[in-house]
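Numbers restart at 1 for each chain; the letters A, B, ... are given by sequence-line order, proteins then strands.
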Protein chains: 2
Amino acid sequence: MEEDVKEGASDKYSLRGRVFSRLREDILNGKYDEGIELREIAIGEELGVSRTPVREAFRQLELEGLIRIIPNKGAYVVGISDKDVRDIYILRSRLEGLAARWAVDHITQEQMEEMEENVYLAKFHTQKGHTEQMFELDNRFHELLYEASGSKILEHQLKDYHQYVLRIRKKTLSSATRGPQSNLEHEAILEAIKNKNADDAERLANEHMINAYKNMIDKGLVKPE
Amino acid sequence: MEEDVKEGASDKYSLRGRVFSRLREDILNGKYDEGIELREIAIGEELGVSRTPVREAFRQLELEGLIRIIPNKGAYVVGISDKDVRDIYILRSRLEGLAARWAVDHITQEQMEEMEENVYLAKFHTQKGHTEQMFELDNRFHELLYEASGSKILEHQLKDYHQYVLRIRKKTLSSATRGPQSNLEHEAILEAIKNKNADDAERLANEHMINAYKNMIDKGLVKPE
DNA sequence: GCACAAACGATTGTATACAATGATACAAGA
DNA sequence: TCTTGTATCATTGTATACAATCGTTTGTGC
């Protein structure tokens with residue numbers, strides 16, 4: 001089994017890695033609002049470490065675009081604008097389409113089975129209204145699709161974007177109407193891949209993203225630009 | 001004028017920023033071969049700085065995928081496989097197409113003028129066989145396209161990929177046949193944008209990347225998969 | 001009261017000291 | 001001879017000390 005690309009960078013067993021993961025999570029979950037200044041000492045004290053690992057984590061967070069470091073001044077949490085969300089969803093729609101197309105030829109038996117199980121379970125939890133499980137299953141479905149593409153580059157890229165819009169997605173799926181529809185679309189993508197129909201797979205995955213974005217607009221989570 | 005996304009991260013006036021830029025350049029130019037171990041002290045001594053800025057630069061290089069850090073062990077230069085190159089060119093072909101499409105609506109007068117100048121100059125230097133200038137102009141043409149897309153997200157992404165395949169591209173353009181053809185394709189993209197023809201712009205930019213990749217295969221720079 | 005400059009404080013930038021970890025070499029035993 | 005344990009060393013991980021920089025405040029002159 002190949003190791004996760006991101007794992008290599010986050011390195012959860014070093015202090016720096018833990019600080020990095022923790023800060024990223026906190027930022028994505030909205031603990032630190034947009035524009036907030038992060039002070040090295042304060043973060044260090046909060047997590048019980050010195051400034052060194054904090055600084056290294058900051059440098060990585062900046063490269064991920066989550067914070068902006070102004071030399072000799074400070075580190076500030078960067079927000080995601082509505083335009084960013086829109087751009088990311090359009091990029092994702094195209095790249096997820098590509099991932100689905102490639103998955104037709106590269107998906108493994110094991111991945112296929114997990115995907116089928118995923119779709120099946122999602123139906124169940126949606127009926128029951130288990131939003132937390134629905135959220136996790138949706139995440140996993142997309143990660144599976146990325147992995148099934150057989151391209152480390154594409155997988156890495158899509159996981160990045162996926163992470164990036166987490167904040168907003170967390171609210172989306174809790175709505176009663178999008179859950180079932182999303183499940184149907186997942187199922188259709190799965191069927192296309194199973195039937196080795198690359199064109200359908202690409203088109204369906206593409207539309208799935210567009211629909212997800214439209215849903216966010218309808219819910220008022222983002223402005224339509 | 002908005003500042004360069006990358007610039008914010010490289011910060012050329014701090015030691016860390018200089019170390020980062022220098023190491024990235026050295027790796028991309030092939031000074032350090034794939035698999036070579038980079039030692040913090042050695043790099044620090046070579047550049048006349050202590051380990052601290054070197055370490056911070058390492059963390060960023062890892063996130064850019066240029067080196068791989070194994071905890072408590074060392075930092076190793078990561079190579080680009082032929083499959084990676086192929087994947088990136090396919091992604092780029094799609095995303096550059098998107099950038100060209102968006103540029104139709106978002107390009108500024110200033111950008112348009114620089115692009116026209118770029119195409120004009122490229123013709124001149126190609127006739128004269130000035131490979132270094134051709135290389136720079138080609139780089140700039142694509143950066144301009146990214147900037148003209150009006151999307152920071154897309155621009156950032158494409159610049160990343162562009163950087164990533166620099167090693168190989170440096171060899172490509174020096175060949176006598178691809179230069180003129182590449183110029184013609186740039187000109188066609190420019191014309192499509194100028195004529196506000198989004199479909200043509202996307203298709204041409206898309207094909208331009210595919211052609212660039214095919215050329216690398218023909219030259220034997222990468223294996224076709 | 002206002003303008004401007006100097007000094008202070010807070011924060012980041014860098015260097016260095018110390019701790020922890022992993023690799024290697026070598027010796028002892030099976 | 002091969003394996004295994006241990007000591008040693010090189011290298012990274014972390015903490016801390018010191019330097020540089022930016023903002024602000026305070027004080028002085030007009």
Side-chain angles (χ1 to χ4, degrees), chain A residues 3 6-24 26-27 31-78, chain B residues 3 6-24 26-27 31-78:
Chain A
E3 73 277 36
K6 266 284 180 269
E7 273 320 296
S10 29
D11 171 21
K12 52 180 152 234
Y13 297 112
S14 71
L15 291 187
R16 169 189 60 81
R18 293 214 299 272
V19 172
F20 176 72
S21 303
R22 172 66 180 281
L23 283 178
R24 179 165 65 176
D26 283 348
I27 292 175
K31 174 173 174 182
Y32 303 112
D33 288 338
E34 175 176 347
I36 290 291
E37 177 171 357
L38 299 179
R39 287 190 199 76
E40 296 172 356
I41 297 178
I43 301 292
E45 283 176 353
E46 188 179 330
L47 302 180
V49 300
S50 79
R51 284 176 56 212
T52 308
V54 174
R55 282 179 62 83
E56 295 181 356
F58 274 20
R59 296 303 177 269
Q60 298 189 303
L61 288 168
E62 176 173 44
L63 229 56
E64 289 225 325
L66 290 175
I67 67 176
R68 170 173 169 71
I69 296 175
I70 300 177
N72 293 308
K73 189 145 182 296
Y76 302 87
V77 176
V78 169
Chain B
E3 72 277 37
K6 269 282 181 270
E7 272 321 295
S10 31
D11 173 18
K12 52 179 153 237
Y13 297 111
S14 70
L15 290 188
R16 169 189 60 80
R18 293 215 299 272
V19 173
F20 176 71
S21 303
R22 172 67 181 279
L23 283 178
R24 179 165 65 176
D26 283 347
I27 291 174
K31 174 174 175 182
Y32 303 112
D33 289 337
E34 174 176 347
I36 290 291
E37 178 171 358
L38 299 179
R39 287 191 199 77
E40 296 172 355
I41 297 177
I43 300 292
E45 284 177 352
E46 189 179 329
L47 302 181
V49 301
S50 79
R51 285 175 55 214
T52 307
V54 174
R55 282 179 61 83
E56 294 181 356
F58 274 20
R59 297 302 176 268
Q60 297 189 304
L61 289 168
E62 176 173 45
L63 228 57
E64 289 225 323
L66 290 176
I67 67 177
R68 171 173 168 73
I69 295 175
I70 299 176
N72 292 309
K73 190 146 182 292
Y76 303 87
V77 176
V78 169

Gap between atoms [atom1] and [atom2], on [X] and [N] respectively (whole Å):
| X | N | atom1 | atom2 | answer |
| --- | --- | --- | --- | --- |
| B:Phe58 | D:dT12 | CZ | C1' | 11 Å |
| A:Ile67 | C:dT12 | CD1 | P | 11 Å |
| B:Glu45 | C:dT16 | CD | C1' | 14 Å |
| B:Arg39 | D:dT12 | CZ | P | 7 Å |
| B:Arg16 | C:dA15 | CZ | C1' | 16 Å |
| A:Leu38 | C:dT12 | CG | C1' | 14 Å |
| A:Arg55 | D:dG13 | CZ | P | 16 Å |
| B:Glu40 | C:dA20 | CD | C1' | 14 Å |

How many angstroms lie between atom CD1 of A:Ile27 and atom OH of A:Tyr32, to the nearest 0.5 angstrom? 8.0 Å
Taking the side chain as C-beta and beyond, is there a heavy-atom pair between [X] and [Y] under 4.5 Å?
| X | Y | answer |
| --- | --- | --- |
| B:Ile43 | B:Phe58 | yes |
| B:Leu66 | B:Glu64 | yes |
| A:Gln60 | A:Arg24 | no |

I want to check one thing: is the phosphate of C:dG13, taken as OP1 and OP2, less than 4.0 Å away from some side-chain N or O of A:Arg59? yes
Which atom of [X] lies closest to which atom of [Y], heavy atoms considered:
| X | Y | value |
| --- | --- | --- |
| A:Arg16 | B:Arg59 | NE-NE, 2.8 Å |
| A:Ile69 | A:Ala75 | CG1-CB, 4.1 Å |
| A:Val54 | A:Val19 | CA-CG1, 4.1 Å |
| A:Ile67 | A:Leu38 | CG2-CD1, 4.0 Å |

So, with a heavy-atom separation below 4.0 Å from DNA chain D, the residues of residues 46-53 of chain A are A:Val49, A:Ser50, A:Arg51, A:Thr52, A:Pro53
Would you tabulate the pairs of protein nitrogen or oxygen atoms and nucleotide nitrogen or oxygen atoms of nucleotides 19-25 of chain D closer than 3.5 angstrom?
none

Show me, pair by pair, the donor-acceptor contacts under 3.5 angstrom made by side chains of residues 45-52 of chain B, not counting sequence neighbours?
unit_1, atom_1, unit_2, atom_2, d
B:Glu46, OE2, B:Lys31, NZ, 2.8
B:Ser50, OG, B:Thr52, N, 3.4
B:Arg51, NE, B:Glu40, OE1, 2.9
B:Arg51, NH2, B:Glu40, OE1, 2.9

Can you tell me which nucleotide in C:dT14, D:dG13, C:dT12 comes closest to the side chain of B:Leu15? C:dT14
Ignoring the backbone of A:Ile41, work out which of D:dT12, C:dT12, C:dT14 is nearest its side chain. C:dT12
